[in-house]
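Only a predicted model underlies this, so the values are computations on that prediction, with no experimental measurement involved. Numbers restart at 1 for each chain; the letters A, B, ... are given by sequence-line order, proteins then strands.
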Protein chains: 2
Amino acid sequence: MQDVARLAGVSVSTVSYVLTGVRPVSDTTRQRVQAAMDTLGYQRNALARGLASRRSHILALLFPAIERGLSGTALEFVTSAAETARRHGYHLVLWPTGADDEAETRDLVRQRLVDGVVVMEVKLHDPRVVELQRGDTPFTLIGRTADPAGLPYADIDFDATVRDALDHLTGLGHRHIGLLSHSRGSLQAGYGPTVRVLAAFEREARQRGLLTAIRHCDETADAGRAAVAELFAERPDLTALVTLNDNATFGAVAQIVDGGRRIPGDVSVLSVVSSPQVGALSHPRLTTMAAPGARLGRLGVESLLARIEGPPAVAATGASTLHELIPCRLDVGATTGPAPTTS
Amino acid sequence: MQDVARLAGVSVSTVSYVLTGVRPVSDTTRQRVQAAMDTLGYQRNALARGLASRRSHILALLFPAIERGLSGTALEFVTSAAETARRHGYHLVLWPTGADDEAETRDLVRQRLVDGVVVMEVKLHDPRVVELQRGDTPFTLIGRTADPAGLPYADIDFDATVRDALDHLTGLGHRHIGLLSHSRGSLQAGYGPTVRVLAAFEREARQRGLLTAIRHCDETADAGRAAVAELFAERPDLTALVTLNDNATFGAVAQIVDGGRRIPGDVSVLSVVSSPQVGALSHPRLTTMAAPGARLGRLGVESLLARIEGPPAVAATGASTLHELIPCRLDVGATTGPAPTTS
DNA sequence: TTGTATGCGTTATCAG
DNA sequence: CTGATAACGCATACAA
C-alpha cells in the first residue's frame with residue numbers, strides 16, 4: 001500500500017479510502033491511485049485488513065464429517081454456498097466437525113477467523129447451535145432445531161413436500177402407501193429430514209385415511225431390498241412407496257421387480273429429497289422430488305451476510321430473521337402411475 | 001493474550017512462546033500460562049497471528065464451478081482434504097474458479113490470504129497452473145498438466161487402471177471391447193481423465209490385439225443410451241464395455257438390456273474411475289474400479305504442507321517433489337463375466 | 001529462563 | 001478533500 005501511495009503521490013490513508021470508499025476522494029486522485037494499483041498489480045493484504053477492520057470476510061461452513069457420506073445435493077449446496085460467498089467478496093472455509101462438535105465449534109469462533117457460520121445438517125438438538133448461541137458470531141442454520149423460533153434458518157419444507165408427494169399419489173388413486181426412510185439411528189439422533197418426514201407422513205396419511213407401512217433402513221441398496229421385502233410382507237396390498245433414501249431406493253426398486261411386481265403397473269415409487277439426476281440413473285426413470293440444494297446454499301449465505309453487514313439493529317433484535325422453508329420440486333418420471341384397479 | 005499474561009503473571013511474549021514453543025519455557029511458568037489460558041478459554045486471534053508470522057494457516061482448494069456437476073468422489077476428495085488440513089491445524093477455503101480462471105487465481109494469491117493452493121481438476125493446459133508458477137505461493141495439483149515434470153502432483157494412475165481393467169476382461173476371454181468415455185468436449189478441453197484413459201485404452205488394446213469401438217458422450221443416462229446404441233451398431237460383436245462416465249453408464253446398461261443382450265451373459269460392463277457405492281445402485285451390481293478420492297485429498301494436502309513447512313531447500317530445489325499416481329481399485333460385481341463362446 | 005520493543009499491512013481517528 | 005498516526009493482536013529480535 002505504501003508503494004501505491006508513493007507512486008500515486010498521496011498518503012497511505014488516501015489509498016485506503018479509495019479502497020473502502022468510506023470517505024469522499026476527488027476524482028483526479030482516485031484515478032491516480034487506481035492507476036498506481038493497476039500498474040503494481042496491488043491487492044490488499046487480507047490478513048491485515050481483517051485485523052484492522054475486525055472483519056475477516058471469511059465465513060465458515062460447519063458440516064458433519066463422513067456421516068451418511070454426504071449426498072450429491074450436499075455438494076450442490078456447498079458449491080452454491082461457496083459461489084455466493086465469493087460473489088459478495090467473502091471466502092468460505094470448510095469446517096468438518098467430528099465427534100466433539102461442541103468444543104470444535106467453540107474453538108473455531110474464538111479464533112475470530114470467521115465473520116459468520118453456516119451450519120449444515122442441523123439436528124433437532126444440536127450442540128453446535130447451543131454453542132453458537134453462547135457466542136456473538138452471527139450464524140444461520142441449514143435445517144432447524146426442535147425449537148428454532150429465534151434462530152435464522154433455511155430448510156426444506158418437509159410438510160409441503162410430503163403433502164405434494166401424497167397429493168401426487170392419491171391423485172393417481174393410491175390408498176395403500178409405504179414409506180422407506182433413513183436409518184432408525186438417524187431418527188434417534190434427531191436428524192431433521194428423518195424426523196420431519198416421518199411426522200408429516202403419519203399426520204397426512206391419517207388425515208387422508210390412508211393405510212401405511214413404514215420402514216427405516218441404512219443408506220445402501222442392500223438395506224433397501226431387505227426393508228422393502230419386510231414392507232410387503234407386512235402389507236402386501238401396498239401400491240405405492242415413498243422413499244427418503246437415495247441409495248436404498250435403488251435396492252427397493254430392484255426388490256420390487258424381483259418380487260414379481262411391476263413398476264409402475266403394480267407399485268409406484270416416488271423418491272423425495274432427491275434429484276432428477278439421480279432419478280435418471282434408474283430404469284425406468286424415477287419420479288423424484290428434488291431437494292433445493294443450490295437454493296439453500298445461496299439463501300443461507302445471503303441471510304448470514306445480511307446479519308453481518310446489516311445495521312446492528314438487525315443482529316440485535318433479530319428483526320427480519322430468515323425463516324425460509326422450501327419444498328422439494330416434483331419431477332414426474334416413469335415410476336409413478338395409476339393405482340391398479342383392485343376389482 | 002494480555003489477559004492471559006496478566007492472569008499468569010508473565011509478559012505477553014512468554015505467553016506467545018509457550019504457544020509457539022520456539023524458545024524454552026520453564027515448566028512452572030508454562031503450567032501457569034496453560035492454566036490461565038484454560039480458565040479464560042483463550043484462543044489465539046488467527047488474523048493477528050497470520051499477520052505477524054506471515055503464515056495464515058489457510059489453504060485454498062481451487063475447483064472449477066459447476067462443470068460436469070462434480071461427482072460423488074469429488075465430495076469425498078473435498079471432505080478428505082478439509083479433514084487433513086484441519087488435523088494439521090490448517091483451514092481450507094473453497095475457491096470456485098469460473099470462466100476467468102487466470103485472473104481469479106492471481107487475485108487469490110496476491111491477497112496473501114492462503115499459505116498454499118491445491119488445484120483440483122487440472123487440465124492438460126491449465127491457465128491456473130501457469131499463473132501459480134509465476135507466483136511464489138506453494139501449490140500441488142490433483143491431476144497433471146501435459147508436462148508436469150517439475151510440478152508436485154497426485155493423480156489417478158490411468159495407465160495402470162486401464163491395464164487392470166483390460167486384464168480383468170481379457171482374463172474372462174473378452175477380445176472385442178468398447179469404451180464409453182466422457183464428452184468429446186472434455187477431450188478437447190484437455191480434461192486429464194478423458195485424454196489419458198483414451199490414450200491408454202488405444203495403446204493397450206493395440207498391444208493386445210483387441211478389437212475396439214469408442215464413443216464419447218455427455219454425462220447423462222440418455223446420452224449413454226444413445227452412445228451405446230451407436231457402439232453396437234458399429235461393432236455388434238462387442239462382448240465387453242469399459243465406461244468412464246458414471247451417469248452414462250446407467251443409460252448404457254439399460255440400453256444393452258433393452259437391446260436384448262444379457263449382462264453379463266452377452267456383454268460385460270466395467271465402470272472405471274467410479275466407486276462400489278455407485279456400482280451398488282445398479283442392478284445387477286456393477287463391477288467398478290474405484291477412484292481414490294479420499295486418498296488423493298489427503299496426499300494433496302499433506303504434500304502441500306510439506307512444501308510450506310519444510311526447510312526452504314525443499315521448496316526451492318523441488319527436492320522430494322510429490323509425484324504420486326494411484327490406480328483405481330477393482331471391485332468385482334455382477335456385470336462382468338466370461339465372454340460368450342462364439343462357437 | 002524471562003521481559004521489552006518493534007513490526008506485520010491495514011483501518012480509522014484526529015487534525016488540518 | 002487529504003495527511004499523520006494510533007490501534008488491531010500477535011511474533012520475534014534484542015536485552016537482561
Side-chain angles (χ1 to χ4, degrees), chain A residues 1-34 36-37 40-58 89-91 107 109-115 136-137 308-309 312, chain B residues 1-34 36-37 40-58 89 91 107 109-115 136-137 308-309:
Chain A
M1 204 165 193
Q2 292 209 17
D3 295 342
V4 174
R6 196 176 311 127
L7 184 58
V10 298
S11 71
V12 286
S13 61
T14 297
V15 176
S16 177
Y17 284 118
V18 342
L19 254 355
T20 63
V22 300
R23 110 178 166 184
V25 176
S26 77
D27 263 8
T28 58
T29 62
R30 183 203 315 289
Q31 281 162 14
R32 286 224 311 284
V33 171
Q34 283 289 4
M37 294 197 300
L40 294 180
Y42 171 78
Q43 287 273 119
R44 272 185 290 192
N45 180 301
L47 261 29
R49 171 152 90 118
L51 181 59
S53 66
R54 289 113 183 291
R55 191 130 292 172
S56 66
H57 290 263
I58 300 177
Y90 279 73
H91 301 261
D107 290 353
V109 300
R110 291 213 176 144
Q111 290 190 50
R112 301 235 151 255
L113 199 243
V114 300
D115 293 338
D136 57 355
T137 304
I308 291 173
E309 301 187 331
Chain B
M1 203 166 194
Q2 292 210 18
D3 295 343
V4 174
R6 197 176 310 126
L7 183 59
V10 297
S11 71
V12 284
S13 65
T14 296
V15 176
S16 177
Y17 284 119
V18 341
L19 253 354
T20 64
V22 299
R23 111 178 166 184
V25 176
S26 78
D27 264 9
T28 57
T29 61
R30 183 203 315 289
Q31 281 162 14
R32 286 225 311 284
V33 171
Q34 283 290 3
M37 293 197 301
L40 294 179
Y42 171 76
Q43 287 275 119
R44 273 183 289 190
N45 180 302
L47 261 29
R49 174 153 89 116
L51 181 58
S53 66
R54 288 109 183 291
R55 191 131 291 172
S56 66
H57 290 261
I58 301 176
H91 300 260
D107 289 352
V109 301
R110 291 213 177 143
Q111 290 191 50
R112 301 238 149 252
L113 198 243
V114 301
D115 294 338
D136 57 355
T137 303
I308 291 172
E309 300 186 332

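The nearest pair of heavy atoms linking B:Arg44 to B:Leu19 is NE-CG, 3.7 Å. The nearest pair of heavy atoms linking A:Val12 to A:Met1 is O-CE, 3.9 Å. Between A:Thr137 and A:Asp115 the shortest heavy-atom distance is CG2-O, 3.9 Å. The shortest non-hydrogen separation linking B:Leu47 to A:Leu51 is CD2-N, 3.9 Å.
Contacts between chain B and DNA chain D, taken as any atom within less than 4.0 angstrom of a protein heavy atom, begin and end at D:dG9 to D:dC14. Nucleotides of DNA chain C with any atom under 4.0 Å from a heavy atom of chain A span, from 5' to 3', C:dG9 to C:dC14.
Looking at heavy-atom distances under 4.0 Å, B:Thr14 makes contact with sugar-phosphate atoms alone, never a base. Within the 4.0 angstrom heavy-atom criterion, only backbone atoms of the sugar-phosphate kind lie near B:Ser53; the bases stay farther away. Counting any heavy atom pair closer than 4.0 Å across all strands shown, A:Val10 reaches sugar-phosphate atoms only and no base atom.
For A:Arg6, the salt bridge (Lys or Arg N to Asp or Glu O under 4.0 Å) partners at least two apart in sequence or on another chain are A:Asp3. The salt bridge (Lys or Arg N to Asp or Glu O under 4.0 Å) check on B:Arg30 picks up B:Asp27, with sequence neighbours excluded. In terms of the side chain to side chain donor-acceptor pair (under 3.5 Å) criterion, A:Ser16 has no residue partners (sequence neighbours excluded). Scanning for side chain to side chain donor-acceptor pair (under 3.5 Å) contacts around A:Asp107 gives an empty result, with sequence neighbours left out. Contacts of B:Ser26 classified as side chain to side chain donor-acceptor pair (under 3.5 Å), with partners at least two apart in sequence or in another chain: B:Thr28, B:Thr29.
Sorted by first then second residue, the salt bridge (charged side-chain N to carboxylate O under 4.0 Å, His left out) pairs that include residues 46-57 of chain A, not counting sequence neighbours, number zero. Under the salt bridge (charged side-chain N to carboxylate O under 4.0 Å, His left out) criterion, no residue pair touches residues 7-25 of chain A, with sequence neighbours excluded.
Helix bend of the helix from C:dT1-D:dA16 to C:dG16-D:dC1: the angle between its two end axes, each built from five pairs, comes to 40° after rounding to 10°.
In this structure, CG on A:Leu7 lies 9.5 Å from CZ on A:Arg32, to the nearest 0.5 angstrom.
Side-chain atoms of A:Leu113 and B:Ile58, non-hydrogen and from C-beta on, do get closer than 4.5 Å to each other. You'll find the side chain of B:Val25 stays beyond 4.5 Å of the side chain of B:Val33, heavy atoms only.
DNA chain C is contacted by both B:Leu51 and B:Arg30; B:Arg30 maps to the nucleotide lying nearer its 5′ end (nearest heavy atom per residue). Take the nearest nucleotide of DNA chain D for A:Val12 and for A:Thr28: the residue whose nucleotide is more 5' is A:Thr28.
Checking side-chain atoms of A:Ser56 against main-chain N and O of A:Gly50 turns up no donor-acceptor pair under 3.5 Å.
Contacts of residues 17-26 of chain A with DNA chain D (heavy atom under 4.0 Å): A:Arg23, A:Pro24, A:Val25, A:Ser26. Within residues 41-49 of chain B, no residue is approached by DNA chain C to less than 4.0 Å at the level of any non-hydrogen atom.
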